[in-house]
Amino acid sequence: MKKIYLIAFSSFISFCSFSQKIINRDPQIEALVSQISSDSLKKFDEKLVSFGTRSTLSTTTDTKRGIGASRLWVLSKFQEFAKTSEGRMTAVLDTFTLQPDGRRIDKTIAMANVMATLKGTDPNDDRVFMVSGHIDSRVTDVMNRESDAPGANDDGSGTVAVIELARVMAKSKFPATIIFVVVSGEEQGLLGANYLAEKALKQNWNLEALLNNDIMGSNNSNETNIIDNTRLRIFSEGLPAFEMDKKVGAIRQYGVENDGKARQLARYVKETGERYVDNLEIVMIYRNDRFLRGGDHTPFVNRGFAAVRLSEMNENFLHQHQDLRVEKGVEYGDLIKFMDFEYLRKNTCVNLASLANLAKSPSMPQDVILDVRGLGNSTNLNWKAPKAGKVKGYYVLMRETAMPYWQKKFFTTNLKISLPYSKDNYFFAVQSVSEDGNEGLPVLPRVGLRNAGE
C-alpha cells in the first residue's frame, strides 16, 4: 500500500482554502531511494582521489594514476553492477580521439566516456533518460597534467553519484532506458559531453532528459561559515537554444518564454525530488548555468535536448580549481575532508527519484491542443494517447502566468477536458500518468481547432 504524505505548497493557497497537497510516494522508488548510501559515496570518492590526478591530459597508460586508470576503474564498477541486472545493463568505454586545438589541448589525446546502459523492458518504448558527471579534475593551471588534482567535489561528487545510482538501480526494471555516463574533458572545454550530444543527435536517440551533476557535495561557501545542506540548485534554460529563430514568433505570441524543455524538466525534478527526499529544497535558478560559466548539459541544450545542471547551493572557491597548498593559514584544494557525504546522499536521491519516476511513466501524450474555437472564459484541451506505456489517466497542470511552478493538477481518464479557467490568465500542460501513479514530462499545448477524437 502506498504511503500518503502531506507537504505544504504555499503557492497552492490561491486555489484552495488550505495549503496542503496530498503526495503519493511510489513504494518501489521509495525503497530505491533508501538504498543510496553516504558511506558508499564516500568509499567511491576516496578511490577516485587515490588516482592522484584525473586531468584529461594526464597519463592513460599508468595502471594506478591518471585519467586512464580512473576511467577503467569506473568501467569495472559498472561491469560489476551489470552482473546484478539479469542482462539488462551493459557497460562500455566509448572512445574517440582529439587533436591539438591551440587552446586547452596541446597534444593528440585518447578520450573516453564511461557508459552503463540499463535497457528498458518495454520493446515499444524507445525513450532514453540520462544522468551524468565528469571524471576529469584540474588544479589552478588547466594545462598542468602532473600535479595532484584530487577533484573530490569537482567533479568527484557528480561522478560517484552516477556510480552509486548505477549500483542501486541496476537490479530494477523500468519500461524506458536509463544511461549512466561519466564523461571526460569537461575542464578542457566540455569535450566528452560535446561528443556524446552530437552522437545522440546523429543517431536520433529519443533522449527526453539529461540530469547533469557537477559540484554537488560541499555544504558551505568560502565567504561565510554558514553550513547549509538543505538546498540544492537546479539550473535550466527558459528559451530553446536549438532553432530559436523558428520558434521565437510563437514564444512571443503565447508568452511561453519560461517554458522551454529544460525549464519544464527543472520543474519536474523539483516536484519529484522534494517528494522523496526529506529536508531538502530544490532551488530553481533561471539560468542555463552559473554566471558566465558552463557545464556538460550545455552541449545537449544546444542540440535541442532537455538538460539541466544540479549543483550545491554555495560553492567554495578555495576548494575548486586550486593547487594544493596552505597560504596564511588557509588550506586550498579539492580534498575529501571538505565534502559532506550526507548532503551528497540527498542530492543523489533527487536524481534517483526523478530518473525512476520518468522511466516508469508512460511516454508523453501526443498532439496536445488548446482549442481556441470561439471566445470564452473556459479552456478546452484535447490530446491523443501516448505511444508507449500503460496509462491510468492524465494530469492537466495549471499555473498563473506569473507563477514559477505548476499550482494545480486536474486528473482525468479522458482525452479531453474543459476547465472554468481563462487561457488569458493561466498556462496549461498535460502529462501522462502510469498505473502506479508515475507522471511523465508535461507537454504544453499547441493552439488548434481540432475536436477531441478527430
Side-chain angles (χ1 to χ4, degrees), residues 9 11-12 14-16 21-24 127 206 208-209 238-240 246-268 270-272 306 357-358 361-454:
F9 286 80
S11 61
F12 200 60
S14 59
F15 290 100
C16 301
K21 185 177 181 181
I22 296 177
I23 294 296
N24 290 319
R127 292 175 301 156
N206 188 12
E208 289 201 349
L239 294 171
K246 299 179 181 178
K247 302 169 184 175
V248 66
I251 290 170
R252 289 190 64 200
Q253 183 174 6
Y254 306 129
V256 290
E257 63 274 6
N258 194 24
D259 286 275
K261 286 183 179 180
R263 187 61 46 79
Q264 294 293 5
L265 175 58
R267 290 190 181 104
Y268 185 98
K270 176 177 173 63
E271 178 183 345
T272 308
N357 209 52
L358 285 167
S361 73
S363 60
M364 290 183 279
Q366 300 295 298
D367 202 13
V368 181
I369 288 180
L370 191 157
D371 192 343
V372 294
R373 168 188 328 263
L375 298 175
N377 290 311
S378 294
T379 296
N380 298 303
L381 297 159
N382 54 76
W383 56 91
K384 295 179 181 178
K387 293 180 179 179
K390 296 180 179 179
V391 178
K392 179 173 70 174
Y394 305 89
Y395 280 131
V396 177
L397 310 178
M398 185 176 79
R399 76 177 198 273
E400 296 167 83
T401 60
M403 293 301 295
Y405 317 122
W406 297 111
Q407 295 170 284
K408 192 172 182 66
K409 291 187 174 186
F410 304 88
F411 181 79
T412 180
T413 57
N414 299 319
L415 294 175
K416 62 179 180 179
I417 196 169
S418 181
L419 298 172
Y421 298 94
S422 171
K423 48 192 167 289
D424 292 341
N425 305 332
Y426 299 93
F427 289 125
F428 300 90
V430 182
Q431 59 185 171
S432 305
V433 183
S434 75
E435 293 178 332
D436 288 337
N438 310 108
E439 312 97 328
L441 288 170
V443 179
L444 264 68
R446 65 179 179 87
V447 171
L449 301 173
R450 186 193 72 223
N451 289 319
E454 288 184 1

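Just so we're clear, the structure is a prediction, and the values are computed from it rather than from any experiment.
Within a 6.0 Å sphere centred on CG of N377, other residues, nucleotides and ligands contribute 12 heavy atoms or fewer. Around NZ of K270, the count of heavy atoms belonging to other residues, nucleotides or ligands within 6.0 Å exceeds 12.
Among all heavy-atom pairs drawn from P445 and I369, the shortest one is CB-C, 4.0 Å. S418 and S378 make their closest contact through OG-CB, 4.5 Å (heavy atoms, listed as atom of the first residue, atom of the second, distance). When all heavy atoms are compared, the tightest approach of Y394 to L415 is OH-CD2, 3.4 Å. Between F411 and K392, the shortest heavy-atom contact is CZ-O, 3.8 Å. Shown here for V256 and A250, the closest heavy-atom pair between the two residues is CG2-O, 4.5 Å. Nearest heavy-atom pair, P442 versus Y268, reported as atom, atom and distance to 0.1 Å: CD-CD1, 4.4 Å.
A heavy-atom distance below 4.5 Å is found between the side chains of L441 and E208. Between Q264 and L444 the shortest side-chain heavy-atom distance falls below 4.5 Å.
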Worked verdict on M364 versus V430 for side chain to side chain contact (heavy atoms under 4.5 Å, CB included)
CA-CA 8 Å; M364 290 183 279; V430 182; over 6 Å; no

Set out, in order, the CA-CA distance, both residues' side-chain angles and the distance that settles side chain to side chain contact (heavy atoms under 4.5 Å, CB included) for W383 and V443, then state yes or no.
CA-CA 10 Å; W383 56 91; V443 179; over 6 Å; no

Go through the steps for L419 and F428 under the test side chain to side chain contact (heavy atoms under 4.5 Å, CB included), then give the verdict.
CA-CA 10 Å; L419 298 172; F428 300 90; 3.7 Å; yes

Start with the C-alpha gap between L370 and R446, add the side-chain angles, then the distance that decides, and say whether side chain to side chain contact (heavy atoms under 4.5 Å, CB included) holds.
CA-CA 6 Å; L370 191 157; R446 65 179 179 87; over 6 Å; no

Using the salt bridge (charged side-chain N to carboxylate O under 4.0 Å, His left out) rule, take D436 and K390 through it: C-alpha gap first, then chi angles, then the decisive distance, then the call.
CA-CA 10 Å; D436 288 337; K390 296 180 179 179; over 6 Å; no

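In this structure, the side chain of R267 engages the main chain of P404 through a donor-acceptor pair within 3.5 Å. With S432 contributing its side chain and G440 its backbone, the two residues share no donor-acceptor pair below 3.5 Å. Formation of a donor-acceptor pair under 3.5 Å by the R127 side chain with backbone atoms of P362 is found in this model.
The CG atom of L381 sits 11.0 Å away from the CE atom of M398 when rounded to the nearest 0.5 Å. The CG atom of N438 lies 9.5 Å from the OG1 atom of T272; values are rounded to the nearest 0.5 Å. Between L265 atom CG and R263 atom CZ the span is 11.0 Å, to the nearest 0.5 Å. Summarising the geometry, atom NZ belonging to K423 is positioned 5.0 Å from atom OG1 belonging to T379; distances are rounded to the nearest 0.5 Å. Note: K409 NZ to E439 CD = 4.0 Å, rounded to the nearest 0.5 Å.
F410 and Y421 have tilted rings, their planes meeting at an angle from 30° to 60° on a 0 to 90° scale.
Not a single ring-ring contact (aromatic ring centres under 6.0 Å, His included) links Y254 to another residue, sequence neighbours left out.
No hydrogens or angles considered: nothing links the side chains of N425 and E400 as a donor-acceptor pair under 3.5 Å.
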